[in-house]
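Residue numbers start at 1 and run along the sequence shown.
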Amino acid sequence: MVITRPTWDEYFAAITRQVATRSTCLRRKVGAIIVKDKRILTTGYNGAPMGVKNCLDIGTCLREELGVPSGERQEICRGLHAEQNAIIQASYHGVRIKGAVIYCTNQPCVLCAKMIINCGIRKIYYFEDYPDELAMELLVEAGVESIRLDF
């Protein structure tokens, strides 16, 4: 009997997808984990800030009601993105993430890309594309490696 173990990327990918199940967004379930030296430092999923009602509880999404396409008018969303929440959790708990990598269920948007660049994350692993070309341009320019995983 041969016992196989997942690769580190497969392991972190599975955890990232599990984190996404906590999402309170009605449109898209997104998860992110920040990893350094093969250790999970923080996790995040998309949802409203602490103490604020989320779309799941309200039962409606303003962006959906207005027919706003993905990647546009993010300022009218009640929620934070998974990457933002993972970065905020690091700050909230005093966890250093400079030099870490981030696993995301989706390619980061431009706002998350800028946060990822400025907090010193050097590599992004993601599973699904997101319609935001500027985000990818900025990441390339800043030297942040982006890798799409296909498992």
Side-chain angles (χ1 to χ4, degrees), residues 1-52 54-57 61 63-64 69-72 74-75 77-151:
M1 178 176 166
V2 176
I3 298 173
T4 61
R5 296 172 65 192
T7 66
W8 284 108
D9 286 338
E10 292 168 338
Y11 173 73
F12 293 130
I15 294 169
T16 303
R17 288 187 174 109
Q18 185 63 36
V19 169
T21 67
R22 290 284 306 153
S23 169
T24 60
C25 180
L26 296 172
R27 278 185 129 184
R28 183 183 309 229
K29 306 289 185 202
V30 181
I33 65 171
I34 297 176
V35 175
K36 189 170 185 179
D37 299 327
K38 298 180 182 163
R39 301 289 181 256
I40 297 169
L41 302 178
T42 65
T43 67
Y45 52 86
N46 55 332
M50 293 185 292
V52 175
N54 60 63
C55 295
L56 188 62
D57 291 337
C61 169
R63 294 179 74 234
E64 194 69 27
S70 289
E72 296 179 17
Q74 296 167 0
E75 74 278 5
C77 179
R78 294 182 75 84
L80 293 152
H81 288 185
E83 303 93 327
Q84 293 168 339
N85 274 325
I87 292 167
I88 290 166
Q89 284 300 306
S91 175
Y92 189 83
H93 294 287
V95 177
R96 294 180 48 95
I97 58 176
K98 182 179 180 183
V101 301
I102 189 167
Y103 288 79
C104 310
T105 54
N106 296 79
Q107 169 200 317
C109 71
V110 70
L111 297 173
C112 291
K114 290 186 276 189
M115 290 179 70
I116 287 166
I117 292 165
N118 273 4
C119 73
I121 289 174
R122 303 309 309 153
K123 190 181 290 188
I124 301 166
Y125 294 97
Y126 68 96
F127 314 114
E128 296 177 25
D129 293 326
Y130 188 76
D132 197 329
E133 292 179 24
L134 180 57
M136 295 307 277
E137 289 175 24
L138 293 177
L139 291 166
V140 168
E141 186 177 337
V144 177
E145 187 177 2
S146 297
I147 301 167
R148 187 174 194 277
L149 298 174
D150 292 317
F151 50 80

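- Heavy-atom contacts from other residues, nucleotides or ligands closer than 6.0 Å to CZ of Arg22 number 12 or fewer.
- Proximity of a side-chain donor or acceptor of Arg63 to a complementary backbone N or O of Glu72 within less than 3.5 Å is detected.
- The shortest side-chain heavy-atom distance between Leu80 and Pro49 falls under the 4.5 Å cut-off.
- Among Tyr103, Phe151, Tyr126, the single residue meeting the ring pair (Phe, Tyr, Trp, His ring centres under 6.0 Å) criterion with Phe12 is Tyr103.
- Summarising the geometry, atom CD1 belonging to Ile33 is positioned 5.5 Å from atom CD1 belonging to Ile15; distances are rounded to the nearest 0.5 Å.
- Here the closest heavy-atom approach between residue Arg78 and residue Cys55 is recorded as CD-SG, 4.0 Å.
- Under the 3.5 Å distance criterion, the side-chain polar atoms of Asn46 are left unmatched by any main-chain donor or acceptor of Ser23.
- Distance alone, capped at 3.5 Å, places no donor-acceptor pair between the Thr42 side chain and the Ala90 backbone.
- Contact check for Leu111 versus Gln84: side-chain heavy atoms found under the 4.5 Å cut-off.
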Ignoring hydrogens and angles, write down the donor-acceptor pairs under 3.5 Å from the side chains of residues 136-149, residues two or more places apart or on other chains.
{"from": "Arg148", "atom 1": "NE", "to": "Asp129", "atom 2": "OD1", "distance (Å)": "3.3"}
{"from": "Arg148", "atom 1": "NH1", "to": "Asp150", "atom 2": "OD1", "distance (Å)": "2.5"}
{"from": "Arg148", "atom 1": "NH2", "to": "Phe127", "atom 2": "O", "distance (Å)": "3.2"}

query: What do the steps show when you test Ile87 against Ile97 for side-chain contact (heavy atoms from CB on, under 4.5 Å), and what is the final call?
result: CA-CA 8 Å; Ile87 292 167; Ile97 58 176; 4.2 Å; yes

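- Of the inter-residue distances, the one linking Ile117 atom CD1 with Cys112 atom SG reads 11.0 Å to the nearest 0.5 angstrom.
- The shortest heavy-atom contact between Ala20 and Gly31 is CB-N, 3.4 Å.
- The shortest non-hydrogen separation linking Ile34 to Ala100 is CG2-CB, 3.6 Å.
- When side chains are defined from C-beta on, Glu128 does not count as touching Gln107, because their heavy atoms never get closer than 4.5 Å.
- Of all non-hydrogen atoms in Gly44 and Asn85, the two that sit nearest each other are CA-CB, 4.0 Å.
- Residues Lys29 and Asn106 approach most closely at O-OD1, 4.4 Å, considering heavy atoms.
- A heavy-atom distance below 4.5 Å is not found between the side chains of Gln18 and Tyr45.
- Not a single donor-acceptor pair under 3.5 Å links the side chain of Asp37 to the backbone N or O of Arg39.
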Full working for side-chain contact (heavy atoms from CB on, under 4.5 Å) between Asp57 and Thr24: CA-CA 8 Å; Asp57 291 337; Thr24 60; over 6 Å; no

Criterion side-chain hydrogen bond (donor to acceptor under 3.5 Å, both in side chains) on Ser70 and Arg27, from CA distance to verdict: CA-CA 9 Å; Ser70 289; Arg27 278 185 129 184; 4.9 Å; no

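- Tyr92 pairs by the side-chain contact (heavy atoms from CB on, under 4.5 Å) definition with Met50, not counting sequence neighbours.
- Contacts of Tyr125 classified as side-chain hydrogen bond (donor to acceptor under 3.5 Å, both in side chains), with partners at least two apart in sequence or in another chain: none.
- A 4.5 Å side-chain heavy-atom check between Ile102 and Val35 finds every atom pair outside the cut-off.
- Taking CZ from Arg96 and CG from Leu41, the interatomic distance works out to 11.0 Å, rounded to the nearest 0.5 Å.
- Within the 4.5 Å cutoff, no side-chain heavy atoms of Asn118 are placed close to those of Lys114.
- You'll find the side chain of Cys104 stays beyond 4.5 Å of the side chain of Val30, heavy atoms only.
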message: Applying side-chain contact (heavy atoms from CB on, under 4.5 Å) to His81 and Gln74, what does each step give before you reach the verdict?
response: CA-CA 10 Å; His81 288 185; Gln74 296 167 0; 3.9 Å; yes

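- The two residues Pro108 and Ala113 come nearest to each other via the heavy atoms CB-N, 4.2 Å.
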Derivation and outcome, side-chain contact (heavy atoms from CB on, under 4.5 Å), residues Val101 and Lys36: CA-CA 6 Å; Val101 301; Lys36 189 170 185 179; over 6 Å; no

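- Between Gln89 and Val95 there is no side-chain heavy-atom pair separated by less than 4.5 Å.
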